[in-house]
Amino acid sequence: MATLASRLVPVGLVLFVAAFALFVAAAAPGLYLRDAGELSTAAYTLGVAHETGFALWCLLAKAATLLPLGEVATRVTLLSAVGGATAVWLVYRAVRSLAPDDPAAVAAGVGAAGLASCGLTFFRASTVPEVYAPTAAALVLALLLLVRAAGGERRAGILLAFLGGLSLGLHAHLRILVGPAAAVVALWRLRRGDRWPLVAPAAVALGAAVIAYLPLRASRDPAANWSDPQTLSALWSHLSATRIRHAYAHEMFHHVGTHLVAFARLAEGQLGLMALLFAAGGLAWLLRARARRPLGLVLLVVLVGDALYSASLNPMAIEDLQNGHPTALVVAIAAGAGVLAAARRLGRAAPWAAAAMGVLLCTPAALADADAKLGLGPEALSWSRAALAQAAPRARADVSSDDLAAGTSYEQFVAGERPDVTILVRQHLWDKKEVAGRLRRSGLDDALKSPSLWESDYDDPIDQLQPDVPLYRVTPAPTLPPVRPLAERIEALLQPGRDPDARRLATQQLTALGRVYLARGDAARAAALFEAALALRPGDVVATIDLAVVRARAGDVPNALRLVDAALEREPHRVIARVNAGRYRLQLGDLDGAERDFTAAHADDADLVAPLVGLARVAEARHDRARALTLLHAAQRLQRDDADVRSLAKELDR
């Protein structure tokens, strides 16, 4: 007679198939925004993706591109869907392993799997060409292996070590969150007399051999070749994400508490308060019993580690839904344990109670952000193709966003569109080797040729740009065209109705366009563009700050202050917002409030002259000339040629 466990095995298969079908049905129809184009290009051409290279992912994604299904990006998305479905199945297995022959554990596992698949961060990772879903599957597998290795299973320990080596070819989440715990377990088991930890280094080295892909492929000069990691130093720099760490050093390890709050709010908004409460109860239940304690400890370590990683090392990715995948899975497993613990108190009704609680657990997460989950469209393809269509033969375009840099690379090197156009990333112009490679591939011999097209952002050379969409035209005599056709073109290309990424991009474009009009004295049209941006993405901090500038210039300082205070509620450490708040309060005669704002801004960025100038003006308003001069001299040491510094110096010389 078949055991209950053997008869319930198909439940996991059903969950895998259901999750895979869900992710495929909701997947982006091909190319997506942000890094999706660059990663798809790296996979298709067997290139080197951005740090940390993702060698194993590139190999798996290349295999996916060989499937005769849809376009290349769609095939890469299938890998994400497989990774997401595998992670969902492993979440179910983790909960069910707590009581393999108990139907209540099966019901709780199904609820946990449903919760894992419903959160927007994980759902998005499983429906676009990205590295996160396969990494998430490997993470849950590593957790299960770690628990078994802690219990003395030799094979689990060796497999965990091999997976640890392979993690160098996936996202850093895996090795950062699981690596230290795995090392501790290996040392502990060694002290208890196990011998598998002695073999573990060899298993790690065997798995780590996957990174040989990076220098081997870099030597072939592929279309995607970040950092060109052919030497040992370049390879180490790539694997340790040196360029990314330098680029975002000003955001790392700053305002960790604020970022932790944002991270917690994101998790609660996606999964629901009930899920977090069940997860807390489940963790307590796991930690209380000795047999279950290893799983509880591992889940707790990953949960805390992911929160700290997101808040300190990578806070810039919280809003972009690039953080929190481990947290979503850990919360799902812990919540499943909580459901099982609660249901067991009900005796024979436990399976039905577990099923009911699982439904209650999943419903808020399933309903949250439904538009964002089901609203992925062809905006990335439309935007990238429109940018290339603007270019004259053998033109050069300088871009700054991941959306266009990645999307145009995909169109050129995968779809074969406009290979004659040179796309240069402005942040990387210092890298002469990368620039030379891009010029060579496009056939543009003159490395000093000036760009004819320019992606608009918040630091444009305004005097040289003719507004257009998606790229502005560089011309010595720009004019201001009518606003409405440009705004309508943004809306037509991006269709920013449901997808938050498309709304983000459209909002950025409207705001950047408004800045051009404002800089050239057309405040009315600038205000209309800022308001359109805020209608599209209410609360957008940059658009709010810029609209406040328009209001202040028109003399409506109280309204400007209300706007900038609203921006500071969303981002308390946005320095320019804090400086502007101080300026508006100073104009309204609130010297104490202005001093608080300027002091806070200076604490956030001691190299910025604006807070020092503001504090000097506060001192001047209080007739404290000595302090005003001291602050002026401090500002002059930082940036003597700043216009506000020169203006203040003239005022104090009178």
Side-chain angles (χ1 to χ4, degrees), residues 87 90-91 93-100 105 112 135-211 239-240 279-310 312-313 325-327 329-334 336-338 340-341:
L90 288 170
V91 165
R93 294 295 305 175
V95 175
R96 181 179 161 181
S97 67
L98 296 171
T135 301
L139 176 73
V140 184
L141 176 60
L143 297 184
L144 297 180
L145 290 174
L146 185 58
V147 171
R148 293 183 179 182
E153 288 191 28
R154 178 178 181 274
R155 181 177 298 179
I158 295 174
L159 286 175
L160 177 64
F162 179 66
L163 183 59
L166 286 176
S167 72
L168 289 171
L170 294 170
H171 194 276
H173 272 153
L174 180 53
R175 53 188 176 276
I176 290 176
L177 298 179
V178 181
V184 169
V185 167
L187 291 173
W188 178 62
R189 294 308 308 183
L190 183 63
R191 292 194 62 181
R192 292 179 65 90
D194 289 358
R195 290 293 174 260
W196 68 259
L198 298 177
V199 184
V204 171
L206 182 62
V210 72
I211 64 173
L239 290 173
S240 59
L283 278 175
W285 180 68
L286 291 171
L287 293 171
R288 192 163 53 242
R290 185 173 182 178
R292 299 187 295 264
R293 192 168 298 150
L295 178 60
L297 287 173
V298 167
L299 294 180
L300 187 60
V301 166
V302 173
L303 188 65
V304 173
D306 191 37
L308 292 176
Y309 166 85
S310 301
S312 57
L313 275 174
H325 310 89
T327 292
L329 298 174
V330 166
V331 167
I333 295 171
L340 177 60

Which heavy atom of His173 sits nearest a heavy atom of Tyr309, and at what distance?
NE2-CE2, 3.3 Å
Donor-acceptor pair, side chain of Arg293 and main chain of Leu286, under 3.5 angstrom
no
Is the backbone of Leu98 close enough, under 3.5 Å, to the side chain of Arg292 for a donor and an acceptor to pair up by distance?
no
Arg155, CZ atom: more than 12 neighbouring heavy atoms under 6.0 Å
no
Could you tell me if the side chain of Ile333 sits less than 4.5 Å from the side chain of Leu299, heavy atoms only?
yes
Can you name the nearest heavy-atom pair linking Ala149 to Val185, along with the distance?
C-CG1, 4.1 Å
Rounded to the nearest 0.5 Å, what's the gap from CD1 on Ile176 to CG on Asp306? Could you check?
10.0 Å
Of all heavy-atom pairs between Leu287 and Gly296, which one has the smallest distance, and what is that distance?
CD2-C, 3.6 Å
Closest non-hydrogen atom pair, Leu168 against Leu239
O-CD2, 4.3 Å
Going from CG on Leu159 to CG on Leu141, what distance comes out if it is rounded to the nearest 0.5 angstrom?
8.0 Å
When every non-hydrogen atom of Ala279 is compared with those of Ala334, the smallest separation belongs to O-CB, 3.6 Å
Between Arg189 (side chain) and Asp194 (backbone), is there a donor-acceptor pair under 3.5 Å?
no
Is there a side-chain contact between Leu329 and Val302 in this structure, where contact means two heavy atoms from C-beta onward sitting under 4.5 Å apart?
no
Between Ser97 and Ala94 (side chain of the first, backbone of the second, donor and acceptor by atom type, cut-off under 3.5 Å), is there such a pair?
yes
Does Ser167 use its side chain to pair, donor to acceptor, with the backbone of Leu174 at less than 3.5 Å?
no
Does the side chain of Phe162 reach to within under 4.5 Å of the side chain of Leu166, using non-hydrogen atoms?
yes
Between atom CD1 of Ile158 and atom CG of Leu145, what is the distance when rounded to the nearest 0.5 Å?
11.5 Å
Kindly give the heavy-atom pair with the smallest separation between Ala105 and Val95, and that separation in Å.
O-CG1, 4.0 Å
For the CG atom of Leu300 and the CG atom of Leu295, what is their distance to the nearest 0.5 Å?
11.0 Å
